[in-house]
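Encoded as structure tokens, the structure appears first; notes follow it.
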Amino acid sequence: MLWVKSLHIVFVTSWFAGLFYLPRIFVNLAMVAPGSVAERERLMLMANKLMRFTTLLAVPAVGLGLWLWLGYGIGQGPGNGWLHAKLALVLLVLGYHHVCGVLLRRFAAQQGGRSHRWYRWFNEVPVLLLLAIVVLVVIKPF
């Protein structure tokens, strides 16, 4: 189980690295001057590749997490409210990942529609989610 836990941590860390950087590319896309076709195409290429890679990392991260959950039997009995809260936050992370895909498709259709400031704030969401998840897993407050 320690191998599973180790790989889970590696894949989650890698997944979040993509979720930290992809919205940063969105900030840059929102700031591209009209007519800067080469810059926009370069950023879109980077964003598309990163989205694919990030999605590929999310699958084993979630799968290994499920394996740990089932293998350890965590969540049954009293004192495991932290796990339910963590799972709810993981669902939010999956939703955030999905929204990143929707935003990327909008950029591809040239319908970004939001300011670079909005994307800067959007970029902070995974940091807060990761912080909350780590606190729940390490401290197990309830």
Side-chain angles (χ1 to χ4, degrees), residues 1-33 36-142:
M1 275 310 223
L2 292 178
W3 280 102
V4 175
K5 188 184 288 189
S6 298
L7 289 172
H8 176 64
I9 292 168
V10 168
F11 279 107
V12 167
T13 303
S14 302
W15 177 27
F16 267 89
L19 292 179
F20 292 157
Y21 193 66
L22 185 60
R24 184 66 203 162
I25 295 174
F26 295 164
V27 170
N28 293 324
L29 277 166
M31 295 175 65
V32 169
S36 298
V37 176
E39 181 181 8
R40 185 180 187 291
E41 286 179 1
R42 181 179 49 81
L43 289 169
M44 284 301 299
L45 178 66
M46 291 171 54
N48 281 312
K49 286 183 177 185
L50 185 57
M51 185 65 186
R52 277 193 304 271
F53 188 65
T54 302
T55 301
L56 289 174
L57 293 167
V59 172
V62 171
L64 291 165
L66 289 171
W67 187 351
L68 287 169
W69 182 28
L70 298 172
Y72 280 118
I74 299 172
Q76 292 117 11
N80 286 306
W82 67 270
L83 180 67
H84 301 288
K86 179 206 174 206
L87 292 175
L89 291 175
V90 169
L91 289 175
L92 288 176
V93 173
L94 288 166
Y96 182 86
H97 186 119
H98 174 73
V99 169
C100 284
V102 169
L103 292 172
L104 184 55
R105 285 189 295 277
R106 287 186 184 163
F107 274 114
Q110 298 190 4
Q111 300 171 342
R114 299 191 187 266
S115 72
H116 67 92
R117 285 188 183 93
W118 187 90
Y119 289 109
R120 287 178 198 277
W121 284 103
F122 180 74
N123 191 35
E124 301 305 322
V125 172
V127 174
L128 299 174
L129 289 169
L130 181 61
L131 175 65
I133 289 169
V134 169
V135 167
L136 286 169
V137 170
V138 174
I139 297 175
K140 296 177 178 61
F142 45 88

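- By the 4.5 Å heavy-atom criterion applied to side chains, I139 and W82 are not counted as neighbours.
- Within the 4.5 Å cutoff, no side-chain heavy atoms of L22 are placed close to those of T54.
- Taken from CG in L56 to OG in S14, the straight-line distance is 12.0 Å, to the nearest 0.5 Å.
- Put simply, NZ on K86 and CG on L129 are 13.0 Å apart, with the number rounded to the nearest 0.5 Å.
- In this structure the side chain of F107 never reaches within 4.5 angstrom of the side chain of I25, judged on heavy atoms.
- Rounded to the nearest 0.5 angstrom, N28 CG and R42 CZ are separated by 8.0 Å.
- Taking both residues in full, the closest heavy atoms of M1 and L68 are given as O-CD2, 4.1 Å, listed atom of the first, atom of the second, then distance.
- With rounding to the nearest 0.5 Å, the separation of CG in N48 from CE in M51 is 9.5 Å.
- Separating the NE2 atom in H98 from the OG1 atom in T55 is a distance of 11.0 Å, to the nearest 0.5 Å.
- Side-chain atoms of K140 come within 3.5 Å of backbone N or O of V137 as a donor-acceptor pair.
- Side-chain contact between F16 and V127 is absent, with no heavy-atom pair separated by less than 4.5 Å.
- Here the closest non-hydrogen pair linking L19 and P126 is O-CG, 3.6 Å.
- Within a 6.0 Å sphere centred on CZ of F53, heavy atoms belonging to other residues, nucleotides or ligands number 12 at most.
- The two residues A58 and H97 have their closest heavy-atom pair at CB-CE1, 4.2 Å.
- Separating the CG atom in L45 from the CZ atom in R40 is a distance of 12.0 Å, to the nearest 0.5 Å.
- When all heavy atoms of A47 and L104 are compared, the closest pair comes out as CB-CD1, 3.5 Å.
- Applying the side chain to side chain donor-acceptor pair (under 3.5 Å) rule to pairs touching residues 116-136 yields H116-R120, sequence neighbours excluded.
- Here the closest non-hydrogen pair linking C100 and F26 is O-CZ, 3.5 Å.
- Looking at W69 and L87, their side chains come closer than 4.5 Å, going by heavy atoms from C-beta outward.
- At a threshold of 4.5 Å between non-hydrogen side-chain atoms, the residues R52 and K49 count as touching.
- Between P60 and W15 there is no side-chain heavy-atom pair separated by less than 4.5 Å.
- Of the candidates V93, V138, V12, L128, I133 forms a side-chain contact (heavy atoms from CB on, under 4.5 Å) with just one, namely V93.
- When side chains are defined from C-beta on, V102 counts as touching R105, because their heavy atoms get closer than 4.5 Å.
- In plain terms, the two heavy atoms of L50 and G18 that are nearest each other are CD2-O, 3.9 Å.
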